[in-house]
Protein chains: 2
Amino acid sequence: MYSVVEENYLKALLNLCNADDEVSINDLSKRLNIKMPSVNSMMKRFAEKELVAYESYKPVKLSAKGKKEASMIIRKHRLTEMFLVEKMDFNWEEVHEIAEQIEHIQSPLFFEKMDALLGYPKFDPHGSPIPDKNGKVIKTSYVPLNVCEAGKVVTLKAVADSSEAFLRFLNGRSILLGDQLKVLSKEPFDGSMQIEVVGKSTEVFSELICEKLLVEKA
Amino acid sequence: MYSVVEENYLKALLNLCNADDEVSINDLSKRLNIKMPSVNSMMKRFAEKELVAYESYKPVKLSAKGKKEASMIIRKHRLTEMFLVEKMDFNWEEVHEIAEQIEHIQSPLFFEKMDALLGYPKFDPHGSPIPDKNGKVIKTSYVPLNVCEAGKVVTLKAVADSSEAFLRFLNGRSILLGDQLKVLSKEPFDGSMQIEVVGKSTEVFSELICEKLLVEKA
DNA sequence: ATATATTGTTAGACAAGTCTAACAATGGCT
DNA sequence: AGCCATTGTTAGACTTGTCTAACAATATAT
Ligand SMILES: [Mn+2]
Ligand SMILES: [Mn+2]
Ligand SMILES: [Mn+2]
Ligand SMILES: [Mn+2]
């Protein structure tokens with residue numbers, strides 16, 4: 001139906017859109033590493049296909065149709081990541097790049113089999129919710145660790161970055177989803193935090209790291 | 001490295017080439033359902049990349065490099081088919097189309113995992129040999145059923161067509177790889193054959209069908 | 001309010017991969 | 001040898017998806 005390129009634009013749109021489903025051309029351009037004029041002309045084509053509403057000099061607005069299509073691609077991505085980890089012995093840091101490719105496979109049956117073999121999982125290996133067949137996503141109340149105050153104890157539920165580099169950083173410190181994190185202190189100057197990984201170690205995380213750790217009040 | 005389009009041309013080249021590794025532009029065009037001028041210009045580009053030797057008005061000749069690249073794609077295709085059948089509960093008629101897509105996934109690790117999980121299989125679900133990591137293929141001595149004489153008993157080892165339509169034809173008659181086939185008679189007029197599927201049934205197969213059944217003397 | 005920086009748009013070019021129409025070479029057949 | 005069907009080639013057009021350069025609108029800061 002849609003080309004691989006179009007599917008990647010759709011995913012980026014859904015990931016970037018705010019509460020009003022709006023995305024600026026500039027943000028899209030940066031996310032996709034595609035120059036603004038190219039993104040601009042693609043958004044005009046998306047408007048033809050009714051995937052977005054386009055008005056000059058305004059952010060594009062993802063339509064219900066666009067949102068649904070994007071959700072289905074993210075569903076395939078996350079199911080794939082789960083399948084690779086659970087059924088093919090991959091580690092969580094190895095799967096994102098492969099899923100970026102497999103999410104574009106055209107075969108409903110292939111993803112239905114995955115889903116069934118996995119027992120209809122609700123979350124991917126990085127803690128992100130897997131949209132259901134209708135595009136519905138479980139609403140989570142995760143917040144980034146950097147917004148937590150000193151003294152709080154929280155549970156690590158998901159990561160906001162599934163790049164190999166970041167996940168290797170966590171692997172190197174034996175940090176896993178489900179770990180309890182206690183905020184010992186927070187440095188006002190640079191936002192870095194001293195964190196006790198309960199039962200494991202004590203670490204200092206930069207603000208950049210803390211933003212990528214999604215937690216829930218324990 | 002190579003685009004999906006290029007990989008599909010490579011596969012077609014390997015499937016069509018004769019003992020001298022030569023393929024006519026016309027045959028390639030028909031196999032790929034791409035018009036001759038397009039194929040012609042792609043073969044000139046392939047010559048630049050040293051995948052084929054190109055001389056005007058002569059069949060192109062697949063180079064050693066081209067042959068190796070093509071083998072690796074066929075390896076990924078057949079490993080995928082085996083994985084889908086053995087690990088994902090697909091039937092043999094469902095896997096070819098999906099494998100046509102997954103064969104293009106860029107991830108050596110992905111196919112290594114498949115290979116290991118399958119226990120390094122030598123044949124795919126349709127009886128075709130899986131090339132090894134160096135592109136080497138097990139030499140088989142299968143012949144199409146239509147060349148067998150009346151009275152002969154042979155074993156069905158592979159199919160020369162893995163389309164859903166043909167495999168459903170076999171499913172409908174409960175014919176599987178490994179079945180014994182006895183040639184009861186052969187009609188000289190149209191090449192159709194009366195075949196006993198030992199222990200199952202007796203069938204009349206047109207020459208078209210017989211050409212697609214690859215057998216070995218029992 | 002005006003200058004400046006950022007963001008968005010237009011125009012034109014380009015590569016990959018396809019097509020059709022027209023023409024050229026090859027090879028088989030009489 | 002000459003005719004004709006088949007096969008191969010050239011030329012030119014088109015779509016998708018990208019780019020750079022130049023320009024226009026909007027937002028920000030003084
Ligand atoms: Mn991912
Ligand atoms: Mn993920
Ligand atoms: Mn196949
Ligand atoms: Mn096969």
Side-chain angles (χ1 to χ4, degrees), chain A residues 1-13 15-18 20-63 66 69-70 73 100-101 103-104 106, chain B residues 1-13 15-18 20-63 66 69-70 73 100-101 103-104 106:
Chain A
M1 212 57 167
Y2 298 100
S3 71
V4 168
V5 167
E6 287 171 327
E7 291 193 350
N8 286 334
Y9 273 90
L10 278 170
K11 270 201 313 170
L13 281 164
N15 283 328
L16 293 173
C17 72
N18 60 21
D20 289 335
D21 304 329
E22 290 177 340
V23 187
S24 75
I25 303 284
N26 200 7
D27 287 351
L28 249 189
S29 170
K30 281 172 186 152
R31 166 64 64 105
L32 292 166
N33 283 310
I34 292 171
K35 295 290 178 292
M36 286 183 60
S38 308
V39 173
N40 190 278
S41 71
M42 184 62 87
M43 286 308 98
K44 286 178 168 178
R45 279 196 269 157
F46 269 34
E48 297 296 310
K49 300 182 187 193
E50 299 182 298
L51 295 168
V52 302
Y54 176 90
E55 283 182 272
S56 264
Y57 296 101
K58 289 215 245 172
V60 296
K61 182 168 169 162
L62 193 53
S63 70
E69 299 291 350
I73 301 157
E100 285 289 318
Q101 299 178 63
E103 67 191 3
H104 304 293
Q106 303 285 328
Chain B
M1 211 57 167
Y2 298 100
S3 71
V4 169
V5 168
E6 287 172 326
E7 292 193 349
N8 286 335
Y9 273 91
L10 278 170
K11 270 203 312 171
L13 281 165
N15 283 329
L16 294 173
C17 72
N18 60 22
D20 289 335
D21 303 328
E22 291 177 338
V23 187
S24 75
I25 303 285
N26 200 241
D27 287 352
L28 249 189
S29 170
K30 282 173 186 153
R31 165 65 64 107
L32 291 167
N33 282 310
I34 293 172
K35 296 290 179 289
M36 287 183 60
S38 307
V39 173
N40 190 278
S41 71
M42 184 62 86
M43 286 308 98
K44 286 178 170 178
R45 278 196 270 157
F46 268 35
E48 297 296 310
K49 300 183 186 192
E50 299 183 299
L51 296 167
V52 302
Y54 176 90
E55 282 181 272
S56 265
Y57 295 102
K58 290 215 247 174
V60 295
K61 183 168 167 161
L62 194 53
S63 70
E69 298 291 349
I73 301 157
E100 285 289 318
Q101 299 178 64
E103 68 192 3
H104 304 294
Q106 304 285 329

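Letters go in sequence order (proteins before strands), and every chain restarts at 1.
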- prompt: Any idea which of D/dT18, D/dA11, D/dG8 is nearest the A/Ser38 side chain?
  reply: D/dT18
Flag if over 12 foreign heavy atoms under 6.0 Å of CD, B/Glu50: no
- prompt: What's the CZ-P distance between B/Phe46 and D/dG8, to the nearest Å?
  reply: 17 Å
task: Round to the nearest Å and state the distance from B/Asn33 atom CG to C/dG17 atom P.
output: 18 Å
- line: Among the nucleotides C/dC19, D/dC19, D/dT18, whichever has the atom closest to the side chain of A/Lys35 is D/dC19
task: Take atom CD of B/Gln106 as the centre, draw a 6.0 Å sphere, and report whether it contains more than 12 heavy atoms from other residues, nucleotides or ligands.
output: yes
- request: Compare the minimum distances between each of C/dG17, C/dC19, C/dA24 and the side chain of B/Ile34, then state the nucleotide with the smallest one.
  value: C/dC19
field: Atom pair distance, as rounded to whole Å: NZ in B/Lys58 and P in D/dG8
entry: 13 Å
field: Option passing side-chain contact (heavy atoms from CB on, under 4.5 Å) with B/Val23 (candidates B/Leu28, B/Leu62, B/Val39)
entry: B/Leu28
task: Between D/dC19, D/dA11, D/dA25, spot the one nearest the side chain of A/Tyr57, thanks.
output: D/dA25
message: So if I take every side-chain heavy atom of B/Tyr9 and compare against D/dA21, C/dT18, C/dG8, which nucleotide ends up nearest?
response: C/dT18
message: The side chain of A/Met36 is closest to which nucleotide in this list: D/dA21, C/dG17, C/dG8?
response: C/dG8
task: Would you kindly give the CD-to-C1' distance between A/Glu7 and D/dG17, to the nearest whole Å?
output: 15 Å
field: Atom pair distance, as rounded to whole Å: CG in B/Asn8 and C1' in C/dT18
entry: 14 Å
query: Got B/Glu100 and B/Lys11 here, is their nearest side-chain heavy-atom distance under 4.5 Å?
result: yes
- prompt: In whole angstroms, how far is the C1' atom of D/dT15 from the CD atom of A/Glu6?
  reply: 12 Å
- request: Round to a whole Å and report the spacing from NZ of B/Lys44 to P of C/dA16.
  value: 15 Å
- prompt: Between atom CG in A/Asn26 and atom C1' in C/dT6, what is the gap in whole Å?
  reply: 8 Å
- request: Taking only the side-chain heavy atoms of A/Lys30 (C-beta and beyond), determine which of D/dA25, D/dG8, C/dT7 contains the nearest atom.
  value: C/dT7
field: Sugar-phosphate, base or nothing in reach of B/Ser41, heavy atoms under 4.0 Å
entry: base
statement: Taking every heavy atom of A/Val52 against every heavy atom of A/Met43, the minimum-distance pair comes out as CG2-O, 3.7 Å
task: Considering just the side-chain nitrogens and oxygens of B/Arg45, establish if one lies under 4.0 Å of OP1 or OP2 belonging to C/dA15.
output: no
